[in-house]
Amino acid sequence: MLLYNTLTHERELFVPNEPGKVKMYTCGPTVYHYAHIGNLRTYIMEDVLDRYLRYSGYSVRRVMNITDVGHLTSDGDTGEDKMVKGARREHKTVMEIAKFFTDAFFADCEKLRIRRPDVVVPATTYVDEFIRVIEALVEKGFAYEAGGNVYFDTSKLRQYYVFHGFSEEDLAEGVREGVGVDENKRNKADFVLWFTKSKFEDQELKWDSPWGTGYPGWHIECSCIAMKNLGERLDIHCGGIDNAFPHHTNEIAQSEAYLGHKWCNWWVHVLHLNTPAGKMSKSSGEFLTLSLLESKGYSPMEYRFFCLQSHYRKNLVFTYENLDNAAASYRKLVGRVAAVMREGGGGEVDEQEQKELAKGFRDALDNDLNTSLALTALYGALKSGANAATKLAAVADFDRVLALGLIENAEKLNEEQQKRSAAAAGAAEGTAGFSDDPEIRAIEELILKRTEAKKRRDYAEADRIRAGLLERGIALTDTPGGTVWSKV
Ligand code: AMP
Ligand code: ZN
C-alpha cells in the first residue's frame, strides 16, 4: 500500500516495523464538548485506514487517548484548559463533563460504524507515567524548570521543525493569537511539559509532582500513552492536519529525546472539513454535530458516505446541498444492492470473479486510501456481468472497509417494500384494516369501492367516486403501490 507520509511529503510503500503487525496511534478527542462533524471526518477516515489494514491481513493494535486535561485553548501554552472552560459552561465538574462527552463521542462513533480502538486511555489515568517521562527528560538535559513550570528545550534537538512547511512564523502567529510571550522559555519554540504556575486559579485537577502541584501539558500525554501501550517503535500516528504543528511536532521532539532513536515512521494527517465561511467551530456559527444532522433527517451512514466520496488529503467543504447529493447517492446505492438481492436466483459465488472485482477495490485503497475510487469499484461490481450472489459477496467484502451498512440497509429496504406491497395488496383485497378515525375510514372505504369498480371496468362509477371525493377536498392519485389520497 502506498501511504502519504507528512514526514517525507511523499506517498511511500507502507512497511511496518514487524511483518504482519501494525502499531497505530490516534489522537483522541478533547472531551469538553460534543465532537463536530469535522472532528468526525477525521475519525471516519482514520477508521477506514484501520479497517483497510485489517482487511489487508495485518494484525492492528490501535491506541487512542482521551484528552481530559491539559489541552489549552490556544493549542500552545497559552489560554485556559479547555476542560475547565467546558465545565464552567455546563456548571459541572471537569470529570463529570469528561465522562459525559466521552460517552457522547463513542455514541457518535458507533452510529458512524467507527471501530473502537483496541486501547482507549483517558489522560488523567496516566499522570504517574507522564511524571516519570518528564523526570527522565529533565535528567537527560532535554527539559528544564523555570518559573515553576517544566519546559522542553527545543534547542537541544538537531531538528525541531520535522514537518517542513511549519516554521517559526507559525509559532509567532500562535503567540500573537494567544495571551502573550512566556518569559520563562529559553527558546521561542520551547513548550510546557508540566504546569504548576497556571495563571488560572480554577484549574480543577492538580497532581503532586517533583516540581510542585500541577498538571501535564497536552503533548506529553499522547507520547506517553503511545509509548506505554505500543512500545518504542510506532508504525502510524494519525490525527487531523491542525495537529501536525505544534502537537505532533512536540510529540516527536519529546518521544525521540526520551527514546534516543526514531519513534514513528508514518505520520498520517486528515485534512479539514470546512464551512463555506472557513474553519469549522464549536463556538461560532451553527455547531454542526451528528445529532444535528440526524434531527434534520440525515442518517449517520449518509454522512459517512459523504466523507468517503472525497480523498482524506483534500479539504472538504460542508454544505447541506453537498450532503443532500451524497445522501441521495447513498440511498440510490442501497436501492441498487436491494435490487440485486431481489434478483436472488440462488446462484453460487464465483470466487474467481469476486477476486477480480476486489482487485479494483484494493488498487484504489492501496493508492493512498483513495476511497472515492473504491466507491467507483463498488459501483463497477454492481454493474458487472457477475451473478447476484457474486455481486452481493463483493459488496459485503468491500463493506468490511467502507462500513456503510450496505447489506443491512438493503435488507431493511426490501423488508419495508414487502410490507408496503402486502399492505397495498391487502387494501385492494379489502382485507386491510381500516383507520379507526371515522372520517378517514369513510375515505378509505370509498377508495376500496372505486378500486373494485375499476376491476369491474365500471369506470363511470370509479370517476363518480373520485369526483365526489374531490368535492370534499380529497384528491386521489393512482400509484403502482395502490391509490393514495391527499387533501387539496
Ligand atoms: P480535538 O477534539 O479538538 O482534540 O480534535 C479531534 C480531532 O479532530 C483531531 O484529530 C483534530 O485534528 C481533528 N479536527 C479538528 N478540526 C477539524 C476539522 N475542521 N476537520 C477535520 N478534522 C478536524
Ligand atoms: Zn495527540
Side-chain angles (χ1 to χ4, degrees), residues 6 24-47 49 62-75 79 81-83 85-86 97-98 101-102 104-106 108-109 112 114 117 120-123 126 130 163 191 216-230 234 236-255 263-264 267-290 303 306-307 310-318:
T6 314
M24 181 170 172
Y25 184 81
T26 308
C27 288
T30 310
V31 283
Y32 69 110
H33 217 322
Y34 292 105
H36 61 47
I37 57 172
N39 303 132
L40 294 171
R41 178 197 189 195
T42 292
Y43 294 110
I44 288 171
M45 301 318 284
E46 291 164 347
D47 180 62
L49 176 59
R62 180 152 172 228
V63 177
M64 180 193 272
N65 70 308
I66 300 288
T67 303
D68 49 6
V69 67
H71 191 172
L72 305 189
T73 46
S74 75
D75 260 19
D81 190 323
K82 290 187 181 189
M83 294 301 297
K85 201 171 162 190
I97 65 156
F101 289 118
T102 302
F105 170 72
F106 284 116
D108 282 351
C109 287
L112 290 163
I114 296 170
V120 175
V121 181
Y126 258 50
F130 307 150
F163 306 120
F191 54 93
W218 169 40
H219 317 299
I220 196 71
E221 298 177 2
C222 284
S223 286
C224 292
I225 292 169
M227 289 191 288
K228 181 81 179 167
N229 290 284
L230 295 167
L234 196 55
I236 301 176
H237 191 311
C238 33
I241 189 66
D242 58 309
N243 281 167
F245 185 84
H247 184 50
H248 292 161
T249 305
N250 292 351
E251 276 191 54
I252 294 172
Q254 56 203 7
S255 302
W263 175 44
C264 176
W267 287 85
V268 175
H269 291 116
V270 179
L271 269 84
H272 274 182
L273 179 71
N274 296 317
T275 65
K279 203 170 174 249
M280 190 157 291
S281 161
K282 297 187 187 186
S283 50
S284 62
E286 192 179 29
F287 181 6
L288 292 158
T289 59
L290 187 64
Y303 180 64
F306 168 77
C307 292
S310 61
H311 195 257
Y312 77 93
R313 271 197 312 111
K314 287 206 176 110
N315 283 319
L316 181 58
V317 175
F318 176 81

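Side chains are part of it too, since the values below use all heavy atoms of this structure and drop only hydrogens, waters and symmetry mates. One-based numbering along the sequence shown. Order of appearance sets the numbers: ligands from 1, and atoms from 1 within every ligand. These figures come from a predicted structure and were not determined experimentally.
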Undergrad: Is there a nitrogen or oxygen of Arg41 sitting under 3.5 Å from a nitrogen or oxygen of ligand 1?
TA: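 In fact, backbone or side chain, Arg41 has no N or O that close.
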Undergrad: State, without any angle test, whether Asn229 and Tyr126 hold a side-chain donor-acceptor pair at a distance under 3.5 Å.
TA: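 A donor-acceptor contact under 3.5 Å links the two side chains.
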Undergrad: Could you find the nearest protein heavy atom to atom 6 (C) of ligand 1 and give me its residue, atom name and distance?
TA: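 Minimum-distance protein heavy atom for atom 6 (C) of ligand 1 reads Tyr43 OH, 3.2 Å.
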Undergrad: For atom 18 (C) of ligand 1, grab the closest protein heavy atom and report residue, atom and distance to one decimal in Å.
TA: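 It is His272 CD2, 3.3 Å.
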Undergrad: Can you tell me the protein heavy atom closest to atom 12 (O) of ligand 1 and the distance?
TA: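 I find the closest protein heavy atom is Asp242 OD1, 2.4 Å.
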Undergrad: Could you check atom 5 (O) of ligand 1 against the protein and tell me its nearest heavy-atom contact, residue, atom and distance included?
TA: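 Scanning the protein heavy atoms, the shortest distance from atom 5 (O) of ligand 1 goes to Asn39 ND2, 3.5 Å.
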Undergrad: Any N/O/S atom from Cys222 (main chain or side chain) under 2.8 Å of the Zn ion (ligand 2)?
TA: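 Yes, within the cut-off.
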Undergrad: Does the N or O separation between Cys27 and ligand 1 drop below 3.5 Å for any pair?
TA: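 Between Cys27 and ligand 1, no N or O pair is found under 3.5 Å apart.
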Undergrad: So for ligand 1, is Lys82 a polar contact partner (N or O within less than 3.5 Å, distance only)?
TA: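 Between Lys82 and ligand 1 (N or O atoms, distance only) the closest approach is not under 3.5 Å.
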Undergrad: Suppose I only count heavy atoms of Gly38 and a 4.0 Å limit; which atoms of ligand 1 are within that range?
TA: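 Near Gly38, the atoms of ligand 1 are 18 (C), 20 (N), 21 (C), 22 (N), 23 (C).
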Undergrad: Under the side chain to side chain donor-acceptor pair (under 3.5 Å) rule, what do Glu251 and His237 come out as? Steps first, then yes or no, please.
TA: CA-CA 10 Å; Glu251 276 191 54; His237 191 311; 2.7 Å; yes
Undergrad: So, do His71 and Tyr32 have ring centers that fall under 6.0 Å from each other?
TA: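 Ring-ring flag for His71/Tyr32: false, centres at least 6.0 Å apart.
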Undergrad: Using atom types as modelled and distance alone, determine if a side-chain donor or acceptor of Thr42 lies under 3.5 Å from a backbone N or O of His272.
TA: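 Side chain of Thr42 to backbone of His272, a donor-acceptor pair under 3.5 Å: no, none is there.
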Undergrad: Between Cys27 and the Zn ion (ligand 2), is there a contact where an N/O/S atom of the residue lies under 2.8 Å from the metal?
TA: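 Coordinating: yes.
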Undergrad: To which protein heavy atom is atom 1 (P) of ligand 1 closest, and what is the distance rounded to 0.1 Å?
TA: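 Protein heavy atom with the smallest distance to atom 1 (P) of ligand 1: Thr30 OG1, 3.7 Å.
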Undergrad: For Thr26 and Glu46, which I'm curious about, is there any donor-acceptor pair between the side chains at under 3.5 Å?
TA: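 No.
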